[in-house]
Amino acid sequence: MVPASYYLILSAILFTLGAVGVLIRRNALVMFMSVEMMLNAVNLTLITYSRFLENVDGQVFVLLVMAVAAAEVAVGLAIVISFVRHKDTTDVDEMNLLKG
Amino acid sequence: MEMVIFFILAAIAVAAGVGVIAQRSAVRSALFLLVNFCCLAGLYILLNAQFVAMVQVIVYAGAIVVLFLFVVMLLGMERAEETPDPRRYQWIAGSLLGLLLLAGLIWALIPTAAETVQTVTRSDDVRQIGAALLTDFAIPFELTSVVLLVAIIGTVVLAKKKLEG
């Protein structure tokens with residue numbers, strides 16, 4: 001039996017990797033992938049607690065998170081596509097239309 | 001044995017996570033993301049959450065990564081390398097902040113882990129999830145359908161070409 005803390009440390013590492021990816025990458029697509037990784041790290045935490053507290057509610061939450069993640073990816077990629085039509089790049093530093 | 005499987009899956013998941021953020025090509029990042037998701041599905045099975053593991057493979061690996069790959073190739077950005085960052089310190093600052101975040105997360109998560117108990121495994125997960133979704137979580141469950149509907153409409157509105165006039 002693997003202790004719960006191992007799963008929690010793994011989930012913390014994956015969440016950190018996602019956060020660092022958002023911070024250091026400038027390609028909007030890769031940033032989205034990093035956000036997905038962070039969502040997955042949180043899912044791992046929820047499943048771990050669901051397992052060790054013997055309560056199925058955590059798994060229900062994971063299903064809801066997955067639905068929201070799917071919606072987020074669809075909308076986010078649509079935004080990227082419409083941005084690329086304007087500027088022909090996925091670099092977030094070029095996304096400055098709202099600066100006035 | 002369980003420990004060995006855990007460490008193999010965890011090592012591959014972390015390596016794939018590093019691959020996602022370190023690769024210059026977006027296609028390779030997406031493929032590393034796929035590896036990461038599959039490893040997490042394996043960990044879910046290890047945690048006795050078989051149903052969620054299957055949903056993970058179908059929704060994340062099957063739908064989301066394919067959507068990513070589809071968009072990367074549709075945009076023709078797969079060979080567009082990022083130009084060298086003029087602000088090199090961003091890399092270092094990001095990594096340092098990441099280490100700080102990691103320390104904070106571990107500090108926050110570990111004390112709670114000691115209180116948890118381990119008991120016998122269950123086998124009727126799917127039934128319990130279904131019951132929870134239709135009783136305690138009925139309203140969030142229904143709201144999810146609204147979220148998906150809004151996402152569908154929003155995606156179509158955002159991605160269609162502007163009508164002239």
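Lettering of chains follows the sequences in order, A, B, ..., and the numbering in each one begins at 1.
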With sequence neighbours excluded, tell me which residues meet side chain to side chain donor-acceptor pair (under 3.5 Å) with A/Asn43.
-> none
Check the angle between the aromatic planes of B/Phe6 and A/Tyr6 and answer parallel, tilted or perpendicular using the 30° and 60° thresholds.
-> tilted
For A/Ile13, is it the side chain, the backbone, both, or neither that has a heavy atom closer than 4.5 Å to a heavy atom of chain B?
-> both
Counting heavy-atom pairs under 4.5 Å with chain B, the top scorer among A/Leu23, A/Thr16, A/Asn40, A/Leu10 is A/Asn40
Per-residue contact mode, B/Ile92 against chain A (heavy atom under 4.5 angstrom) | neither
Counting only heavy atoms not in B/Ile139, do more than 12 sit closer than 6.0 Å to its CD1 atom?
-> no
Test side-chain contact (heavy atoms from CB on, under 4.5 Å) on B/Tyr44 and B/Phe51 and set out the steps.
-> CA-CA 9 Å; B/Tyr44 293 166; B/Phe51 177 66; over 6 Å; no
Is it the side chain or the backbone of A/Leu14 that comes within 4.5 Å of chain B heavy atoms, both, or neither?
-> side chain
What part of B/Phe70 lies closer than 4.5 angstrom to a heavy atom of chain A: side chain, backbone, both or neither?
-> neither
Name the region of B/Phe32, side chain, backbone, both or neither, that has any atom closer than 4.5 Å to a heavy atom of chain A.
-> neither
Any donor and acceptor pair, going by atom type alone, linking the side chain of A/Gln59 with main-chain N or O of B/Val52 inside 3.5 Å?
-> no
Do A/Arg85 side-chain atoms and B/Ala159 backbone N/O form a donor-acceptor pair below 3.5 Å?
-> yes
Passes side-chain contact (heavy atoms from CB on, under 4.5 Å), B/Val20 versus B/Arg28? Steps please.
-> CA-CA 7 Å; B/Val20 171; B/Arg28 286 187 192 170; over 6 Å; no
Most heavy-atom pairs under 4.5 angstrom with chain B, which of A/Val60, A/Thr45, A/Val20, A/Thr48?
-> A/Val60
For A/Asn55, does its backbone N or O pair with a side-chain atom of A/Ser50 as donor and acceptor, under 3.5 Å?
-> yes
Answer with side chain, backbone, both or neither: which region of A/Phe61 has an atom nearer than 4.5 Å to a non-hydrogen atom of chain B?
-> side chain
Under 4.5 Å from a heavy atom of chain A, the part of B/Ala63 involved | neither
Where on B/Phe137 is there a heavy atom nearer than 4.5 Å to chain A: the side chain, the backbone, both, or neither?
-> side chain
Using non-hydrogen atoms and a 4.5 Å limit, figure out which bit of B/Val150 sits close to chain A: side chain, backbone, both or neither.
-> neither
Tell me, out of A/Val62, A/Val22, A/Leu64, A/Ile9, who's got the most heavy-atom pairs with chain B below 4.5 Å.
-> A/Leu64
Path from A/Val42 to A/Val68 over hydrophobic side-chain contacts below 4.5 Å | no
Of all pairs that satisfy ring-ring contact (aromatic ring centres under 6.0 Å, His included), the ones with a partner from residues 9-45 of chain A, not counting sequence neighbours = none
Heavy-atom pairs under 4.5 Å with chain A are the metric here; pick the option from B/Leu105, B/Leu47, B/Val65 that has the most.
-> B/Leu47
When A/Leu63, A/Val75, A/Ile81, A/Leu77 are compared by non-hydrogen pairs under 4.5 Å with chain B, the top option = A/Leu77
Select one option (side chain, backbone, both, neither) describing which atoms of B/Ser29 are under 4.5 Å from chain A's heavy atoms.
-> both
Which atoms of B/Ala131 approach chain A - backbone, side chain, both or neither, heavy atom under 4.5 Å = neither
Part of A/Ala67 lying under 4.5 Å from any heavy atom of chain B = both
Side-chain contact, heavy-atom cut-off 4.5 Å: B/Val57 with B/Phe37?
-> no
Pick one of side chain, backbone, both or neither for B/Leu67, based on which atoms fall under 4.5 Å of a heavy atom in chain A.
-> both
Answer with side chain, backbone, both or neither: which region of B/Leu102 has an atom nearer than 4.5 Å to a non-hydrogen atom of chain A?
-> both
Which bit of A/Leu17 comes within less than 4.5 Å of chain B, counting heavy atoms only: side chain, backbone, both or neither?
-> both
Is there a side-chain contact between B/Glu142 and B/Thr144, using heavy atoms and a 4.5 Å cut-off?
-> no
